[in-house]
Peer 1: 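One structure, pasted below without further comment.
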Amino acid sequence: MKLNIQDTFNKELPADSITENYVRQVEHACFSFVIPIQTANPEILHVSPEMLENLGLSVKDSQSEEFKKVFTGNEVLANTQPYAMCYGGHQFGNWAGQLGDGRAINLAEIIHNNQRWAIQLKGAGKTPYSRTADGLAVLRSSIREYLCSEAMFHLGVPTTRALSLALSGDQVLRDMLYNGNPAYEKGAIVSRIAPSFLRFGNYQILAARNDVHTLKTLVDYTIKHFYPELGEPSKESYLHFFRKVAENSLEMVLHWQRVGFVHGVMNTDNMSILGLTIDYGPYGWLEGYDYGWTPNTTDAQHKRYRYGNQPNMVLWNLYQLANALFPLINETEGLEKVLDDFGTGFENKYLNMMRSKLGLFNQEENDRTLIQELENNLHLTETDMTIFYRNLSRFQKDKPEEASSIIQDAFYNSIEGFPKIAEAWTNWFTKYAIRLQSETATDTERAEKMNAVNPKYVLRNYMAQLAIDAADKGDYNLIDELFNLLKRPYAEQPENEKWFAKRPDWARNKVGCSMLSCSS
């Protein structure tokens, strides 16, 4: 197994001067050297062929003993020094101080086909940032992260990736719902891959400690390797850097809203500096269309990270990053302009994104009103977002009277007997049909374009839970089935039609299918 290792993070940035692995505050450093723990009986359960290829590895490599040992933390690659990153963050709006890679260990960086990839293990043991935790991960959360990382990529959403899913062979104690009922579960390790795992919190912790020297070193490093087009370090390039991060973050959250994805825990330590979806914990996809829905039990009361609030939360997080970068820029006007532009930029891009979901390719003045009325209607009764938008592509602009039969599968309860709801939909489809008359695309052309942005298959929580339940019994076939299904989320896949369905009743309130904790 040959990897083109080209480490930079742990060679160009300051390391923790203490090499022992115990929980502590780490200052004047960007990371601490850490060796993953040895596990009892590791077993590779699944490997992503696409990520193998991206790293320059073969299927044969993935079946080797060396691969198993390296990607479960039982063997360190030659000439590498694994490490955990130091960062802080705002958690649910409150500054939490030092956080860091508490259960993630970075193995190495490689370059293949001119693309840099950082390789990380999640669940490979304690680090100086583990606080009171054990640094391990369980199978259920690892399955969810592994499947979702790759599913999001194929949906076209900026994301970290996943290479492999493995059992550690150890038992891990977890209180799944934080209700005082801990139980032992199968331990697991996911190999996560990204150009970089840097997040807003890496910069925040340095600014909070007034360590401007290290902050500058880290920002210069980030620009050099990930935003090289910005040129040499200067106040101007730092401001441009912030603007690029804001633009990338805006694109990311637009995609979330497009496919109905809810991250669940948008703390600043879970915000990628590259605008990637990072840290898949208590996430979920909208089942019933609901701006107020959050999958996170910890957020159940205040719903800070609810679906409809995600763009606002990205902006709030960007404010915190602006505060962290201020010591390098020393003026607020440019930073405030970037933040102001985020709001107007999101409005315009959201409008165009929604036009694409509705098959509107020209721009008309009343489009915003049409979209607002649609979103109001989707809240009138529990309506499956994925099914609604996918089936909407079958609408024919000369036959608005057939609309009800097209969308009825998206309703969890029939709207018969609810004349006001039926009337609202009739009125909207009449307006939609009139609006489509000004489009030159045929019904067939429109459907094709709509189906390219409205997925047919997403990783609904009950689907992941079925795979988890089977895996707990030693059956890993469903992991593979869902992995391959979600590679082609926009394709019809008639052989997989059973997955194009509303959440079943049994999953409505089942743990793991509706709400999840941060341990998920």
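Heavy-atom basis, side chains included; hydrogens, waters and symmetry copies ignored.
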Peer 1: Is R390 close enough and on-axis enough to F500, meaning under 6.0 Å and within 45°, for cation-pi?
Peer 2: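 Geometry flag: not set, cation outside 6.0 Å or 45°.
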
Peer 1: Between F483 and Y146, what is the ring plane arrangement, given parallel below 30°, perpendicular above 60°, and tilted in between?
Peer 2: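 The rings of F483 and Y146 lie parallel, inter-plane angle below 30°.
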
Peer 1: Please step through ring-ring contact (aromatic ring centres under 6.0 Å, His included) for the pair W293 and Y307, ending with a clear verdict.
Peer 2: CA-CA 6 Å; W293 185 71; Y307 172 69; 8.7 Å; no

Peer 1: Hey, could you give me the CG/CG distance between L325 and L215, rounded to the nearest 0.5 Å?
Peer 2: 6.5 Å

Peer 1: When you check the gap from the basic side-chain N to the acidic O, do E495 and R488 get nearer than 4.0 Å?
Peer 2: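 Between R488 and E495 there is a salt bridge, with a charged N closer than 4.0 Å to a carboxylate O.
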
Peer 1: Determine whether the aromatic ring centres of W256 and H263 lie less than 6.0 Å apart.
Peer 2: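 Judged by ring-centre distance (under 6.0 Å), W256 and H263 do meet the cut-off.
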
Peer 1: When you measure from the centre of the six-membered ring of Y227, is the NZ or CZ of K244 closer than 6.0 Å and no more than 45° off the axis?
Peer 2: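 The answer is no, since K244 fails at least one limit relative to Y227.
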
Peer 1: With T277, which of M152, H255, M271 fulfils side chain to side chain contact (heavy atoms under 4.5 Å, CB included)?
Peer 2: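 Exactly one candidate clears the test, M152.
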
Peer 1: When you check the gap from the basic side-chain N to the acidic O, do R192 and D279 get nearer than 4.0 Å?
Peer 2: yes

Peer 1: Report yes or no: does N454 contribute a side-chain atom to a donor-acceptor pair with the main-chain N or O of K357 at less than 3.5 Å?
Peer 2: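 It does hold such a pair.
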
Peer 1: For the backbone of R258 and the side chain of Y389, can you confirm whether one donor and one acceptor N or O come within less than 3.5 Å of each other?
Peer 2: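 No, because the side chain of Y389 does not come within donor-acceptor range (under 3.5 Å) of the backbone of R258.
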
Peer 1: Strictly below 4.0 Å, N to O, side chains only: are E251 and K349 in salt-bridge contact?
Peer 2: yes

Peer 1: Would K449 count as a cation-pi partner of F361, with NZ or CZ less than 6.0 Å from the six-membered ring centre and within 45° of the ring normal?
Peer 2: yes

Peer 1: Is a donor on one side and an acceptor on the other found under 3.5 Å between the side chain of N296 and the backbone of T298?
Peer 2: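 Answer holds: yes.
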
Peer 1: Got a salt bridge between R306 and D299, using NZ or NE/NH1/NH2 to carboxylate O under 4.0 Å?
Peer 2: no

Peer 1: Below 30° counts as parallel, above 60° as perpendicular, anything between as tilted: where do the rings of W316 and H90 land?
Peer 2: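 Ring orientation of W316 relative to H90: perpendicular.
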
Peer 1: Please confirm whether the backbone N or O of I111 pairs with a side-chain atom of N4, one donor and one acceptor, at under 3.5 Å?
Peer 2: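 Side chain of N4 to backbone of I111: a pair is present.
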
Peer 1: Ring pair (Phe, Tyr, Trp, His ring centres under 6.0 Å) with Y83: which of F9, F33, F197, Y129?
Peer 2: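 When ring pair (Phe, Tyr, Trp, His ring centres under 6.0 Å) is applied between Y83 and each of F9, F33, F197, Y129, only F9 qualifies.
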
Peer 1: Indicate the ring-plane relationship of F67 and F71, choosing parallel, tilted or perpendicular according to the 30° and 60° boundaries.
Peer 2: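 Tilted: the ring planes of F67 and F71 meet at 30° to 60°.
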
Peer 1: Which class fits the ring pair Y203 and F241: parallel under 30°, tilted 30 to 60°, perpendicular over 60°?
Peer 2: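 Tilted.
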
Peer 1: First locate atom CG of L478, then atom CD of Q465, and finally report the distance between them rounded to the nearest 0.5 Å.
Peer 2: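 These two atoms lie 11.0 Å from each other.
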
Peer 1: Under a 3.5 Å distance rule, please check whether D101 uses its side chain to pair with a backbone N or O of T127 as donor and acceptor.
Peer 2: no

